[in-house]
Amino acid sequence: MSENGKILVMTAVAVERDAVLRGLQGDSRFEVMEAGVGPVEAAVSTATVLALAGPGAYRLVISAGIAGGFKERALVGSLVVSNTIIAADLGAETPEGFHSVDKLGFGSAVIEVDVALAERLTSALQAAGLQTTLGPVLTLSTVTGSAETAAALTERISGAAAEAMEGFGVAAAARRAGLPVLELRAISNPVGPRDRSAWRIKDALQSLEAASSVLREVIE
Ligand SMILES: O=C(O)c1cccc(C(=O)CC[C@H]2O[C@@H](n3cnc4c(=O)[nH]cnc43)[C@H](O)[C@@H]2O)c1
């Protein structure tokens, strides 16, 4: 990673942006912006910021916020750092099951992250006493609401750790600008049967704030 340019952190909503800003404690190497909910808003917002800033303004893009955690991979209140970002619903249903765009021959639903940075951040978060999983983070336009869909996703995507709605959009914009990307998620709810009352958004935002503080240490 080049040492020039800032780090752009994109969150979906204002409460996530504010949690990240609190954790970063005014560190001027970072800029944090609200992208909107879902992969399309996230991609358009990120691409616009990067294009308006011009080449060299940023050196890394991070998608950050709350997320659903997959059973036995990421508990509520814990953190997930992506080792890959996957558009899990980008493809087609067929009589043989779901076929991703990769299988259909229309590009790829997988964007690789800066793995060295992802591993460094995971180790630093764990060393700070924050429960953290390194694994695939899925992007979906629809929040999973049943045990069947959750099981289908984990069967199809080995090691799936978390699902959210923006990562692939942010990552696609970063890739187009030639920039490395990372996704950092704080788990607010289990992925599965819909129970909105069980979402622990306040706890997740506190974890996101703590993780953002550690993020400062791993950026050279
Ligand atoms: O309760 C709802 O119906 C509902 C529908 C759409 C969005 C929301 C949010 O509150 C989303 C905010 C934000 O949180 C991320 N998130 C958190 N948990 C999950 C999840 O289990 N699956 C997917 N995304 C999740 C997401 O990135 C949104 O931006 C509520």
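These numbers come from the heavy atoms of this one structure, side chains and all, not from hydrogens, waters or symmetry mates. Read the numbers this way: they start at 1 and go in the same order the structure lists the ligands and their atoms.
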* Partners meeting side chain to side chain donor-acceptor pair (under 3.5 Å) with Ser82 (sequence neighbours left out) -> none

* Glu96 atom CD: more than 12 heavy-atom contacts under 6.0 Å -> yes

Tell me which donor-acceptor pairs under 3.5 Å the side chains of residues 65-77 have, and how far apart each pair is, sequence neighbours excluded?
unit_1 : atom_1 : unit_2 : atom_2 : d
Arg73  : NE     : Gly159 : O      : 2.9
Arg73  : NH2    : Gly159 : O      : 2.9

* Quick one: are Ser45 and Met10 in side-chain contact, heavy atoms under 4.5 Å? -> yes

Side-chain polar contacts of residues 164-178 - donor-acceptor pairs under 3.5 angstrom, sequence neighbours left out - could you list them?
unit_1 : atom_1 : unit_2 : atom_2 : d
Glu166 : OE1    : Arg185 : NH2    : 3.2
Glu166 : OE2    : Gly38  : N      : 3.0

Please produce the table of protein N or O atoms sitting under 3.5 Å from N or O atoms belonging to ligand 1, one pair a line, distance to 0.1 Å.
unit_1   : atom_1 : unit_2 : atom_2 : d
ligand 1 : 1 (O)  : Arg194 : NH1    : 3.4
ligand 1 : 1 (O)  : Arg194 : NH2    : 3.2
ligand 1 : 1 (O)  : Arg196 : NE     : 2.5
ligand 1 : 3 (O)  : Arg194 : NH1    : 3.2
ligand 1 : 3 (O)  : Arg194 : NH2    : 3.0
ligand 1 : 10 (O) : Arg196 : NH2    : 3.2
ligand 1 : 18 (N) : Gly68  : N      : 3.3
ligand 1 : 18 (N) : Asn189 : OD1    : 2.8
ligand 1 : 21 (O) : Asn189 : ND2    : 2.8
ligand 1 : 22 (N) : Glu163 : OE2    : 2.6
ligand 1 : 27 (O) : Met165 : N      : 3.0
ligand 1 : 27 (O) : Glu166 : OE1    : 2.6
ligand 1 : 27 (O) : Glu166 : OE2    : 3.4
ligand 1 : 29 (O) : Glu166 : OE1    : 3.2
ligand 1 : 29 (O) : Glu166 : OE2    : 2.5

* Examine distances only and state if a side-chain atom of Glu119 and a backbone atom of Ala116 form a donor-acceptor pair shorter than 3.5 Å. => no

